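Below: the structure, in structure tokens.
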Amino acid sequence: MPITILMADDDADDRRLTQEALEEGRLINEVQFVNDGVELLDYLRKEGKFAPPAVVHRPGLILLDLNMPRKDGRTVLKEIKNDPALRQIPVVVLTTSKADEDIYRSYDLGVNSYIVKPVTFEALVDILQTLEKYWFAIVELPKEM
Amino acid sequence: MAERSIAPVLKTGEPQGSVGSNPTSSANFPWRRTLLPKALLGFGMVLAMLGAISLVSYRSTLAFIHSAYGAAQAHEVIALEESARRDLSDMESARRGFLLTGNESIHHDWKMAQESAFEHIRALRPSVDDTLQEHVRLARAKRLLGRSLSLQQVEIETRRQKGAEVTARLFNDGEAARVTRQIQILLDGVEREEKGLLESRAELMSQISHATIAAVLAGSALTLIAVIVACILIVRDIRALWRAEEALAAEHNLLRRIIDALPDNVYVKDLDGRFLLDNLAHRDFLGQPSDANIAGQSVFDFFPSKMAERFTEEDRYVIEAGESILNREERRSENGAEIWVQTTKVPLRDRMGNIIGLVGITADITERKIAEEKLRRFASQLERSNAELQDFASVASHDLQEPLRKIQAFGGRLRKRCEEAIGPVGRDYLERIENAAQRMQMLIQDLLMLARVTSHAGPFHSCDLGEIVKEVILDLEVAIEQAGATVEVGALPEIYADSMQMRQLFQNLISNALKFHRPDVQPRIVISSRMLNDSDPFVGVSSSEKPRCEIRVRDNGIGFDENFAEQIFIIFQRLHGRAEYEGTGVGLAVCRKITDRHGGTIMAQAKTGQGATFVVTLPVQQLSDEVHE
């Protein structure tokens with residue numbers, strides 16, 4: 001069963017581009033999208049609109065945008081990494097911000113990678129392929145509990 | 001004299017003029033100390049001399065009186081004695097006549113003469129100064145007269161009874177005649193004595209009168225001299241006094257003119273809050289004519305009672321606590337208009353330090369206040385607009401980046417999936433859109449970099465500029481090699497600065513020098529530094545005495561027209577077309593912002609075709625809380 005990638009981004013354009021990039025890269029993984037930090041945590045904790053009977057799979061990788069409405073990426077990152085049940089899930093920040101402070105703070109909070117959103121579509125395809133290869137083929141992740 | 005201050009003005013029952021608190025005032029005014037003693041001494045001397053003259057006159061007058069009395073006595077004695085002698089001689093003639101003739105009428109004459117002689121001799125008394133001898137003579141004369149009488153009586157009786165022959169013998173040699181002669185001799189002695197006395201008295205009186213005249217003349221002369229000397233001295237002192245009074249009056253006038261010349265209200269009040277004096281401005285402020293005298297009046301005469309009470313309370317505080325109110329600013333409503341005044345009130349003390357009133361200075365600072373208010377409003381407006389600009393620059397550039405990225409991404413998608421469909425014209429448009437988007441991205445990134453000079457400012461700490469420049473050159477190694485440039489770096493100081501920004505500063509300057517090299521000349525960049533002292537024209541007048549360093553980055557590139565030397569530091573200002581040199585025109589603006597933040601300066605010196613020199617000055621030290629924004 002393919003591993004689910006969960007992407008949290010409020011930008012519909014970016015979601016569309018990511019979707020297209022996954023298709024173009026012929027990636028086998030299923031991608032789920034949430035619009036903001038609140039939805040992301042609901043998804044992970046199976047709460048709100050993701051509460052049973054909705055069926056959600058625990059993601060194998062989280063792509064996190066930093067600037068989101070309601071609850072931004074920094075706060076979500078902090079909550080995930082402080083939550084014993086969630087902190088094993090690798091989190092990759094995918095954001096437009098190149099600010100040193102954002103980079104430093106994200107790693108400080110325990111992010112696994114920090115990627116600045118590429119300008120071109122080709123670069124995005126490349127990044128997603130690389131991510132898939134790295135996280136799902138190269139590294140070993142803890143077995144789902 | 002000046003330090004006597006306004007003492008004479010303040011004639012508040014203190015003749016000494018207490019305000020100046022000058023303990024040596026008598027030293028400044030010698031006439032005060034000497035005038036009275038001089039006058040007393042002078043008059044004393046004159047009085048003493050007049051006394052001496054009077055005494056001498058009195059004494060000599062007494063002597064005169066005494067002498068005159070003695071002389072009168074002596075004359076009397078002489079007269080009596082002469083009468084007595086005449087009587088004796090009459091008696092003798094009568095005796096002889098009777099003895100010859102026995103005529104009874106002659107006897108009668110004798111008797112008469114005899115009585116007269118008795119009377120005269122008895123009346124003879126020695127005068128005051130007579131000698132003992134004189135007394136003896138007179139006593140003997142009296143005694144002898146008695147005896148002579150009885151002898152003559154006997155002779156007369158004998159003549160009557162026995163006739164002329166018997167008595168003829170007695171005529172010349174008789175006892176009676178002898179006694180009479182003896183008396184006459186005695187009387188001669190008396191006369192001699194008295195005349196002698198008279199002579200000596202006359203001589204004495206002449207001596208006394210000479211001496212008296214001499215003494216009175218001398219005394220008068222001395223008195224005259226003493227009076228003249230005393231007058232001269234006193235006149236001199238009085239002149240000095242007049243001069244001192246004139247000087248005081250002049251000083252008083254000068255002080256009055258000085259306080260009248262002051263534009264602020266100046267006034268002096270006594271302990272009861274009554275004005276003692278004030279200046280022109282104050283009278284004008286009170287609406288009084290310029291020559292009005294408000295002495296003795298109080299604030300209640302000029303201000304509404306509520307205001308006057310407040311002033312009085314203030315005055316009481318100054319006087320009772322002995323503390324000054326300094327430069328207190330307050331807002332007042334004056335005839336409906338709002339004014340600002342600045343008041344200073346200080347206690348006024350006498351020489352002993354006792355408070356005797358207060359001095360007040362009130363200035364109308366309305367204009368200054370309005371200007372300050374304007375300035376403050378302007379400053380806060382500027383601060384706000386600066387902050388807004390800062391926010392705008394950083395937020396806008398972040399938010400602008402998003403749609404830009406979309407333009408680029410979907411442009412890419414369009415090119416990828418619909419390239420065939422849009423045709424060659426569509427592809428040309430697409431290319432232009434993509435180029436524009438790329439340039440906009442650069443602009444945004446540079447704008448963000450400029451905003452970050454303040455929004456991402458690091459702390460000041462000690463940094464070795466030599467080390468920083470070395471790292472920058474290492475970073476730019478590829479570009480330097482490509483241009484075939486040489487970079488010479490002199491000794492650079494260690495200063496307090498934001499190291500990241502110093503890095504950015506030198507990176508921008510060196511990149512700039514590399515970028516604008518002359519195509520036919522090998523680029524050469526020289527970085528040098530020196531410490532500045534205060535006399536250096538680059539430091540400027542406004543700089544404090546903080547030590548500063550100057551760093552020069554000189555190149556041999558294309559240079560530029562010196563007229564643009566300031567313009568190049570303005571954001572997005574470029575001197576060349578994009579086709580010639582790439583870039584957005586932000587690099588030097590960032591440099592200026594960095595030097596501004598450090599309290600330094602940056603300027604450019606250049607000539608077209610002859611290279612450019614960028615001169616940076618930076619403070620060596622930074623106060624930890626100092627921010628130049």
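Naming convention: chains lettered A, B, ... in sequence-line order (proteins, then strands); numbering from 1 in each chain. Predicted, not measured: the structure shown is a model, and the values here were computed from it.
Annotation: A/Asp100, atom CG; neighbour count of heavy atoms from other residues, nucleotides and ligands within 6.0 Å does not exceed 12. More than 12 heavy atoms of other residues, nucleotides or ligands shown are found within 6.0 angstrom of OH on A/Tyr107. In B/Lys470, the NZ atom is not crowded: 12 or fewer heavy atoms of neighbouring residues, nucleotides or ligands sit closer than 6.0 Å. B/Glu383 CD: 12 or fewer foreign heavy atoms inside a 6.0 Å radius. Other residues, nucleotides and ligands place more than 12 heavy atoms under 6.0 Å from the CZ atom of B/Arg427. Atom NZ of A/Lys78 is surrounded by 12 or fewer heavy atoms from other residues, nucleotides or ligands within 6.0 Å.
Heavy-atom distances place both the backbone and the side chain of A/Thr96 under 4.5 Å from chain B. Interface remark: A/Asn67 contributes no atoms to any contact with chain B (heavy atom separation under 4.5 Å). Neither the backbone nor the side chain of B/Gln438 comes within contact range of chain A; no heavy atom of the residue lies under 4.5 Å from a heavy atom of that chain. Contacts between B/Arg415 and chain A at a heavy-atom distance below 4.5 Å are absent for every atom of the residue. Within the 4.5 angstrom heavy-atom criterion, atoms from both the backbone and the side chain of A/Ala99 approach chain B.
In this structure, B/Arg417 pairs ionically with A/Glu20, as a charged nitrogen and a carboxylate oxygen lie closer than 4.0 Å. Contact check on B/Arg405 versus A/Asp13 returns no salt bridge, with no Lys/Arg side-chain nitrogen under 4.0 Å from an Asp/Glu carboxylate oxygen.
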Item to check | side chain to side chain contact (heavy atoms under 4.5 Å, CB included) evaluation trace for A/Glu24 with B/Arg413 | outcome: CA-CA 11 Å; A/Glu24 195 154 313; B/Arg413 297 308 292 149; 3.1 Å; yes

